[in-house]
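Have a look at the structure below before the remarks.
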Amino acid sequence: MDVANRRISDQLHLMGQILEILDENPFKVRAYTRAAELIGRLATPVADISLEELESIEGIGTAIAQKVREMVEDGTFRELEEVKGRVPPGLVEMLALEGVGPKTVRVLWKKLHVETIEDLEKAARGHRIRALKGFGEKKEQGFLKAIANARRRQSDMRMTRQEADMVIGEVRQAMSEGTYEVAGSYRRGRSTIGDIDIVTVESPSHLNRRLRSIADEMIDEGERKSSFWCRGSRVDVRYTPSSTYGSMLLYLTGAKAFNIRLREIALGKGWRLNEYGIRDLARGTVHEFSREEDIFAFLGMDIIPPELREDWGEIDAALSHRLPALIEGSHVRGDLHVHSSWSDGSMDLEALARAGEACGYSYLLCTDHSSSLGVARGLDESALKRQSHEIEMVNRATSCQILHGVEVDILADGTTGLPSRVLKDLDVVVGSVHSAFTQETDLMTRRVLSAIGNEHVDIIGHPTGRLLGQREAYAIDMQRVIESAAETGTALECNASPYRMDIDDVHIREAVNHGGFISIGTDAHGPGDLAWMNYGVRLCRRGWAGPGNVINTLNMHDLLEWAS
DNA sequence: GCCGTTTTCGGCCCGACTGTTTTCAGTCG
């Protein structure tokens, strides 16, 4: 996301948290929190958006739009500074502790002058908290445990999809095949996962016992839901009979905003929607749903794929039967970013081709690094020639054809790491930034724009350069990149490596809106990595991409035609 | 603070679990 948008989103979120501690109107709090989310998913830098356009976003009104303008100009807004002055700064950090919410923080602050996590720890150890009305020994112990947990694991850290798969693999051992489904952000295909949500038809009495055996620690345990820590991540399990499985899965899959919106729509029709079904408020009758599809039908909507359930316009589209047809895994004919042992990959070309065959692909684009990148054993002109001969040999014996490409460096000045006479002979060229990450926005943007303008560069690899949990995206104006790529017909990569997931859903959506092309590449360096394609497809679906937006759906002939 | 083919004022999703209670408040998703 845009750096400035991130900052503004954080400030709106902070405003909401402080208002909560100050015991303000909870709906005002919700308005700020919602606005923070909306700004956070904007692809365009807010500085480029007019006041009128801001207000036209559902959930942002005149007041918050004005404050956003203020932040663009002054870096903050008057009311935020004012409320900040009324609350010790450490209180907001306390909110991040498990089981500690605004009411608790407020009472501890007012009655015991607790202003920081350290103060809280001292008060709990000194048994001063149990004296408060509504608090007891268990609360004290709970606070100490929450503090210890927060110090041990950075609980606000989101997982990569691969890490999520590891946690799910662990939980799977306690569950019976065919009785459950992973819901939540995992099912929505998000690039990173906060916690693992599971819906199951198994009985809580049996499963809770087995879950205890794989849990690091149980958080809570009941007849309808249980929560626990597993491999440092939170897992929530919801129990349901199969007769209401659809309602439960819908509830546990939807983003919060999606669920709220759907329930509001049901209310408008005189129905109360929850995870057990739909109650007709006038008649008192309850409809149960074993399948999600039937709920959408009941509400008069098209079926919304899990990846779209974000309250990002999909609900109106489903009501008016205008949902797009999304790309599917079966549409993908090949992977457009893989490395071989010619550079820093572990598979030789034949192993690559066999791996491609196993995926059912008709082609793989071999994109080893160009020689300008020393660390990755890059290829120069003569190495590429030799590689070309070997590819010809391998292609005679396999159904999956290796296309000869390269991942050429976009150098600091915007030129490519290999000259045009080399690039022009390759099938498809991916251009990527691998150095000088700290350039300021305009320079970095123009650098990438010049690669987009290069007639030999077909795809921009991992366009924002982020490494999840390790390195932020470099400063780049993605709006300009997306517009320029759409104009020239250059594809932007959706790098499906779980460490990158770059570009992410918001940018894919923006590119799709501009009629641009997306290219999915796993950036595979080893045999198992080709399976990451699924992550990329899901991300593209989140970006509302159809098969026509993604060049991996082209057959080999058309792809080569497109690239030429 | 946001929003409106019932409303420019009066609403704003809904339920599970825990701890401290004896009917509920707080937190969480």
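None of the values given here were measured: they were computed from a predicted structure. Chain A is the first sequence line, chain B the second, and so forth, proteins listed ahead of strands; every chain is numbered from 1.
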Kindly say if Lys225(A) contacts the phosphate of dC28(B), meaning a side-chain N or O under 4.0 Å from OP1 or OP2. no

Heavy-atom contacts under 4.0 Å between residues 302-316 of chain A and DNA chain B, which residues? none

Could you pull out every donor-acceptor pair under 3.5 Å between side chains of residues 292-300 of chain A and any protein atom, sequence neighbours left out?
residue	atom	partner	partner atom	Å
Glu292(A)	OE1	Arg187(A)	NH2	2.9
Glu292(A)	OE1	Arg309(A)	NH2	3.0
Glu292(A)	OE2	Arg187(A)	NH1	2.9
Glu292(A)	OE2	Leu250(A)	N	3.4
Glu292(A)	OE2	Arg309(A)	NH1	2.9
Asp294(A)	OD1	Arg291(A)	NH2	3.0
Asp294(A)	OD2	Arg291(A)	NE	3.2

Expected output: side-chain Asp216(A) to main-chain Gly232(A) donor-acceptor under 3.5 Å: yes

On DNA chain B, nearest-nucleotide positions of Asn25(A) versus Asp236(A): which is more 5'? Asn25(A)

Using distance alone, with no hydrogens and no angle criterion, decide if Asp502(A) and Thr464(A) have a side-chain donor and acceptor under 3.5 Å apart. yes

Do Glu275(A) and Ser247(A) meet the criterion of a side-chain donor-acceptor pair at a distance under 3.5 Å? no

Single hit among Glu73(A), Glu79(A), Glu82(A) for salt bridge (Lys or Arg N to Asp or Glu O under 4.0 Å) with Lys67(A): Glu79(A)

When every nucleotide of nucleotides 21-26 of chain B is labelled 5' to 3' by its protein contacts under 4.0 Å (heavy atoms), B for base, S for sugar-phosphate only, - for none, what sequence of letters results? S----S

Using the C1' atom in both, what is the distance from dG1(B) to dT5(B), to the nearest Å? 24 Å

Atom NE2 of His206(A) with >12 non-hydrogen neighbours under 6.0 angstrom: no

Looking only at side chains, do Asp195(A) and Tyr186(A) share a donor and an acceptor under 3.5 Å apart? no

Nearest-angstrom distance, C1' atom, dT6(B) to dG10(B): 13 Å

Between Arg538(A) and Glu307(A) (side chain of the first, backbone of the second, donor and acceptor by atom type, cut-off under 3.5 Å), is there such a pair? no

Distance-minimising heavy-atom pair for Met175(A) and Glu202(A): CA-OE1, 3.6 Å

Distance between the P atoms of dC9(B) and dC17(B), in whole angstroms? 42 Å

Report, one line per pair, each donor and acceptor closer than 3.5 Å where one atom sits in a side chain of residues 178-185 of chain A; sequence neighbours left out.
residue	atom	partner	partner atom	Å
Thr179(A)	OG1	Ser176(A)	O	2.5
Tyr180(A)	OH	Arg172(A)	NH1	3.1
Glu181(A)	OE1	Tyr245(A)	OH	2.9

For DNA chain B, what residues of residues 26-37 of chain A have any heavy atom nearer than 4.0 Å? Phe27(A), Lys28(A), Arg30(A), Ala31(A), Tyr32(A)

For Leu97(A) and for Leu267(A), locate the closest nucleotide of DNA chain B by heavy-atom distance; then report the residue assigned to the nucleotide nearer the 5' terminus. Leu267(A)

Anything under 3.5 Å between a donor and an acceptor, one on a side chain of residues 52-62 of chain A, the other on a protein residue two or more places apart or in another chain? List them.
residue	atom	partner	partner atom	Å
Glu53(A)	OE1	Ser50(A)	N	3.0
Glu53(A)	OE1	Ser50(A)	OG	3.2
Ser56(A)	OG	Glu53(A)	O	2.6

So, with a heavy-atom separation below 4.0 Å from DNA chain B, the residues of residues 237-261 of chain A are Arg238(A), Tyr251(A), Lys256(A), Ile260(A)

Within the structure shown, what part of the strands sits under 4.0 Å from Leu95(A) by heavy-atom distance: base, sugar-phosphate, or nothing? nothing

Any chance CE of Met166(A) has more than 12 other-residue heavy atoms, nucleotides or ligands included, within less than 6.0 Å? no

Return no unless some side-chain N or O of Arg130(A) is found under 4.0 Å from OP1 or OP2 of dT20(B). no

If you measure from the P atom in dT21(B) to the same atom in dT27(B), how many Å do you get, rounded? 15 Å

Could you give me the CA-CA distance, side-chain angles and deciding distance for Met15(A) and Phe77(A), then say whether side chain to side chain contact (heavy atoms under 4.5 Å, CB included) is met? CA-CA 10 Å; Met15(A) 181 74 181; Phe77(A) 58 101; 3.9 Å; yes

For residues 87-145 of chain A, which residue pairs pass the ring pair (Phe, Tyr, Trp, His ring centres under 6.0 Å) check, not counting sequence neighbours? none

Return the set of residues passing side-chain hydrogen bond (donor to acceptor under 3.5 Å, both in side chains) with Ser213(A) (not counting sequence neighbours), or none when no residue passes. none

Same-atom distance (C1') from dT23(B) to dT18(B), integer angstrom: 15 Å

Atom CD1 of Ile295(A) to atom C1' of dC13(B): distance rounded to whole Å? 15 Å

Please tabulate, for the side chains in residues 17-28 of chain A, all donor-acceptor contacts under 3.5 angstrom to protein atoms that are two or more places apart in sequence or on a different chain.
residue	atom	partner	partner atom	Å
Asp23(A)	OD1	Lys103(A)	NZ	3.4
Asn25(A)	OD1	Phe27(A)	N	2.9

Positions of residues 270-279 of chain A (non-hydrogen atom under 4.0 Å from DNA chain B), listed by number: Arg272(A), Leu273(A), Asn274(A), Glu275(A), Tyr276(A)

Are more than 12 heavy atoms, taken from residues, nucleotides or ligands other than His13(A), located less than 6.0 Å from that residue's NE2 atom? no

Among the nucleotides dC14(B), dT18(B), dG1(B), which one has an atom lying closest to any side-chain atom of Asp220(A)? dT18(B)

Contacting residues from residues 115-126 of chain A, given that a heavy atom lies under 4.0 angstrom of DNA chain B: none

